[in-house]
Participant: 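The following block contains the structure, expressed as structure tokens.
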Amino acid sequence: GWNASFLIRVKGIEREELAVWYAGMLAVSMGLGTWLSGAVVDWLAKRSKVWYALLPAIAMTIAIPFWVAYVWAPGWELSVAVLAVPTFFTIMYLAPALAIVQNSVKPNQRTMSGAILLMVLNLIGLGGGPTMVGFLSDFFGQQAAARGLDAAAAGAQGLQIAFYWVTPFYLVAVAFLLLQASAIRREIKAGGPVRDGGFRLGLVLSAVGLVGLYLRFQGLGLPGTFLNVDRLSQFGAQELTGQIDTVMDVFFSVSLTAFA
């Protein structure tokens, strides 16, 4: 991802320090988060399997303010220390996700189901996420350069603003985890898989998302289809009603993208 570049360009960490402190933090936080989430979910799942989704949802919610604090924090030392918290909590989705996928299919389907899960994680998380951050960073960096900042300072400011705009996607993740918890609860009550139109609803939402994105493309062009960055760049200069409209536009575009 962009964290290493962010710490170097925005927070001023040296590469030697990055190799020690950032890499060490990842090893400890991700290792502990993965292990602890598996242990806690195994214990909570004895009461209800809903915790396979609720625990990651709670963890993602807790991580949100710490992510914002990480982006804001002055100095690389404080940034790395604060980043350890959202890193610890956001990785807590992985063990429950692997467990629930493996336990929801027949034994002869587990290899393929695991492969599909990893494919989706890589396409969306490692593919879409860094691409979006890079696009936003370039856009906001160009805006900063147009205001007279030198190239290095403009690039750093653009990357920092792009990191702030990662925050709403935590809320998207929490929303989908809560939907998953609701689906698990229905299956528990029914005593087995529930065929209540969820797949058909998913097709309808996908159609709505694709149509909505197409209409936005017709009106705003490719950059504004997924996120109207021109409008976002003027957020601070807008009046309250304009800011509310901008937030709603972001919510609408993110929702359409998620549905699609």
Side-chain angles (χ1 to χ4, degrees), residues 1 26-64 66-67 84-130 132 166-209 254-255 257-260:
L26 287 180
V28 173
S29 293
M30 296 183 71
L32 286 177
T34 304
W35 171 79
L36 186 62
S37 63
V40 172
V41 165
D42 280 345
W43 177 66
L44 291 174
K46 296 176 182 177
R47 302 183 179 184
S48 174
K49 292 184 178 180
V50 173
W51 285 103
Y52 281 113
L54 283 184
L55 179 67
I58 294 171
M60 290 285 183
T61 303
I62 295 173
I64 293 173
F66 290 98
W67 172 262
V85 181
T87 301
F88 172 79
F89 282 110
T90 53
I91 197 62
M92 285 189 171
Y93 82 91
L94 184 58
L98 292 171
I100 198 167
V101 167
Q102 295 295 301
N103 292 330
S104 298
V105 299
K106 299 176 182 178
N108 63 346
Q109 297 175 327
R110 287 175 179 170
T111 302
M112 181 56 68
S113 63
I116 292 173
L117 172 64
L118 293 176
M119 181 186 70
V120 172
L121 292 179
N122 281 277
L123 285 175
I124 297 177
L126 298 180
M132 182 198 74
V166 171
T167 310
F169 289 90
Y170 275 93
L171 300 176
V172 174
V174 171
F176 276 101
L177 286 166
L178 293 177
L179 287 174
Q180 182 188 18
S182 176
I184 295 173
R185 184 176 289 110
R186 293 200 308 272
E187 289 189 351
I188 293 173
K189 290 181 178 179
V194 177
R195 305 185 186 280
D196 57 357
F199 177 72
R200 291 190 294 273
L201 176 61
L203 291 178
V204 172
L205 291 178
S206 295
V208 170
V254 169
S255 298
T257 304
F259 290 161

Participant: Going by heavy atoms in the side chains, are Trp51 and Ser48 under 4.5 Å from each other?
Facilitator: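 Heavy-atom side-chain distance check passes, below 4.5 Å.
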Participant: Do any side-chain atoms of residues 29-43 form donor-acceptor pairs under 3.5 angstrom with protein atoms, and if so which ones, sequence neighbours left out?
Facilitator:
unit_1	atom_1	unit_2	atom_2	d
Ser29	OG	Met25	O	3.2
Ser29	OG	Ala84	O	3.2
Thr34	OG1	Met30	O	2.8
Ser37	OG	Gly33	O	3.0
Ser37	OG	Thr34	O	2.9

Participant: Closest heavy-atom contact between Met60 and Thr90?
Facilitator: CE-O, 3.6 Å
Participant: Provide the closest heavy-atom pair for Tyr170 versus Ala63 in the form atom of the first, atom of the second, distance.
Facilitator: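 Looks like CE2-CB, 3.9 Å.
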Participant: If you measure from CZ on Phe169 to CD1 on Ile64, what distance do you get to the nearest 0.5 Å?
Facilitator: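 Between atom CZ of Phe169 and atom CD1 of Ile64 there are 13.0 Å.
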Participant: Below 4.5 Å, heavy atoms only, C-beta onward: do Leu44 and Leu54 meet side chain to side chain?
Facilitator: no
Participant: Check step by step if side-chain contact (heavy atoms from CB on, under 4.5 Å) holds for Ile116 and Val101.
Facilitator: CA-CA 10 Å; Ile116 292 173; Val101 167; over 6 Å; no
Participant: After noting the C-alpha distance and the side-chain angles of Leu177 and Tyr93, does the key distance pass the side-chain contact (heavy atoms from CB on, under 4.5 Å) rule?
Facilitator: CA-CA 9 Å; Leu177 286 166; Tyr93 82 91; 5.5 Å; no
Participant: So which heavy atom on Lys49 is nearest to which on Ile188, and how close?
Facilitator: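 Shortest heavy-atom contact: N-CD1, 4.0 Å.
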Participant: Rounded to the nearest 0.5 Å, how far apart are CE of Met119 and CE of Met112?
Facilitator: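 Met119 CE to Met112 CE: 9.5 Å, rounded to 0.5 Å.
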Participant: Please assess Ile100 against Gln180 for the test side-chain contact (heavy atoms from CB on, under 4.5 Å), listing each intermediate value before the final yes or no.
Facilitator: CA-CA 11 Å; Ile100 198 167; Gln180 182 188 18; 3.7 Å; yes
Participant: Could you please spell out the steps behind the side-chain contact (heavy atoms from CB on, under 4.5 Å) verdict for Thr87 and Phe66?
Facilitator: CA-CA 9 Å; Thr87 301; Phe66 290 98; over 6 Å; no
Participant: For Val174 versus Ala57, what's the shortest heavy-atom pair and its separation?
Facilitator: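 For Val174 versus Ala57, the nearest heavy atoms are CG2-O, 3.9 Å.
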Participant: For Met92 and Ala59, which heavy atoms make the closest approach, and how far apart are they?
Facilitator: SD-CB, 3.8 Å
